[in-house]
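Note that the structure is predicted; figures quoted are calculated from it, not measured. Note that ligands are numbered from 1 as they come in the structure, with each ligand's atoms numbered from 1 the same way.
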Amino acid sequence: MKVALKLDKFVFKGVPTERPLMMAGPCSAETEEQVMVTARQLKSYGIRIFRAGLWKPRTRPDAFEGVGKEGLPWLKRVKEELGMYTATEVANVKHVYDALKAGIDIIWLGARTTANPFAVQEIADSLRGVDLPVLIKNPINPDVELWIGAFERLNRAGITKLAAIHRGFSTYSKTLYRNNPQWEIPIELKRLIPELPIITDPSHICGSRELLYEISQKAMDLDFDGLIIETHCNPEQALSDAQQQLTPENLNKLISRLVLRSASIQNNVLLSTLEDLRHEIDKYDDKLMEIFEHRMAVARKIGGYKKQNNITILQTSRWDEILRNKIEQAEKKGLSEEFIIKIFRAIHEESINHQTRVMNEE
Ligand code: PEP
Ligand code: MN
């Protein structure tokens, strides 16, 4: 079921309308100088929307929690002197009032706030009658309903300039990314609310500079609308998220490397065909896993049998025969000998490990 929101397109005067809509600036505003230097450099590379966190939700209380209100005049300077649009995160009603009073152009709700419907409702109520673009980051947990709920709350309070920020999802197990992208969640959001712009936040997905390009390109290939990328004039010295921030110069390099493919219907069809093919691959991989599971169960049975009868695990002649056989079959199936040798060596090794475990059991 589609979700009905009353949305208005928002165009920023002087900001290019073609994809990607770019937002950049430091994770945190730290000093007036750092804000001004970063903003000036960004502007020289054509960036028009400046982000900077003032109130920082941090996991542990000893981390840098932002300069707060003190940074508002700095953002005002960015707006007045450089003609850029300014954006910051708000997490409560007080932040909203302070940001509005200082003339902030765009506010966003952070991932931890989106996960809390009471906080979202309070912020929504405080914005009644205000015409301001509001961006909503996905909640930290992969729950598209909770994300949609936040849009509904803001929309019912009269906010029609809304966009989503996809910043990845928290996982217990370690992955390559700081926050797992789980692209299926923003894709589902797009399916349910097609007219809602989606901005990808590669910085918080990746957690490290090296991965930013790949995620930014993927976001563009999925036809998302914009990118918000943390940028600092001196990333190594940043007081928060130092590993994931880029210099304005490197941000510019990243943007120029992006390949923007057309978002025509044909491409969407291509995309969905690709998705179908990938699902097919996933199915085969699941089957392989199941086969490995059963194969190893048989290996354990063999182990038990060998133990009972006092036979050694490795019988070289048997292994030679298996390998010869498989290489012969591989050629007929169009698989390379190298691949088959690698795969069967790995399977054989795992098989021996399973057998050994059984043999060593009391
Ligand atoms: C941020 O954008 O600086 C931030 C705190 O992000 P998130 O809410 O995604 O953690
Ligand atoms: Mn950050």
Are there more than 12 heavy atoms of other residues, nucleotides or ligands under 6.0 Å from atom [atom1] of [X]?
X: Q329; atom1: CD; answer: yes
X: L288; atom1: CG; answer: yes
X: Y305; atom1: OH; answer: no

Taking distance alone, with N or O pairs closer than 3.5 Å, would you say R167 contacts ligand 1?
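N/O-N/O distance below 3.5 Å exists for this pair.
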Ligand 1 to A111 polar contact by distance, N or O atoms, under 3.5 Å:
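Yes.
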D201 side chain vs H204 backbone, donor-acceptor pair below 3.5 Å:
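Flag set: sc D201 to bb H204 pair under 3.5 Å.
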Quick check against the 3.5 Å criterion: does R19 have a side-chain atom that pairs as donor or acceptor with the backbone of M220?
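Yes, R19 side chain to M220 backbone: donor-acceptor pair under 3.5 Å.
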Any idea which atoms of ligand 1 are less than 4.0 Å away from a heavy-atom of G110?
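By the 4.0 Å cutoff, the relevant atoms are 8 (O).
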Just jot down the ligand 1 atoms closer than 4.0 angstrom to any heavy atom of R112, in number order.
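So the atoms of ligand 1 that pass are 7 (P), 8 (O), 10 (O).
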If you measure from CZ on R153 to CD1 on I136, what distance do you get to the nearest 0.5 Å?
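R153 CZ to I136 CD1: 10.5 Å, rounded to 0.5 Å.
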Who's the nearest protein heavy-atom neighbour of [atom], and how far?
atom: atom 3 (O) of ligand 1; result: K56 NZ, 2.7 Å
atom: atom 1 (C) of ligand 1; result: H204 CE1, 3.2 Å
atom: atom 6 (O) of ligand 1; result: K137 NZ, 2.8 Å

Of the listed options (E89, E230, Q244, R51), which comes nearest to atom 5 (C) of ligand 1 when hydrogens are ignored and any heavy atom counts?
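Heavy atom nearest to atom 5 (C) of ligand 1 belongs to E89.
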Quick one: report the N, O or S atom of E230 that is nearest to the Mn ion (ligand 2).
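Going through the N, O and S atoms of E230 one by one, OE2 ends up nearest to the Mn ion (ligand 2).
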Please name the atom of D241, limited to N, O or S, that comes nearest to the Mn ion (ligand 2).
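That would be atom OD2.
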Distance only, no hydrogens: is a donor on one side chain within 3.5 Å (strictly under) of an acceptor on the other, for E275 and H279?
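Their side chains do not contain a donor-acceptor pair, so the 3.5 Å distance test is not met.
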If you take all heavy atoms of G68 and W55, which pair is closest and at what distance?
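That closest heavy-atom pairing would be CA-NE1, 3.5 Å.
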To the nearest 10 degrees, calculate the angle at the Mn ion (ligand 2) involving NE2 of H204 and SG of C27.
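About 170°, to the nearest ten degrees.
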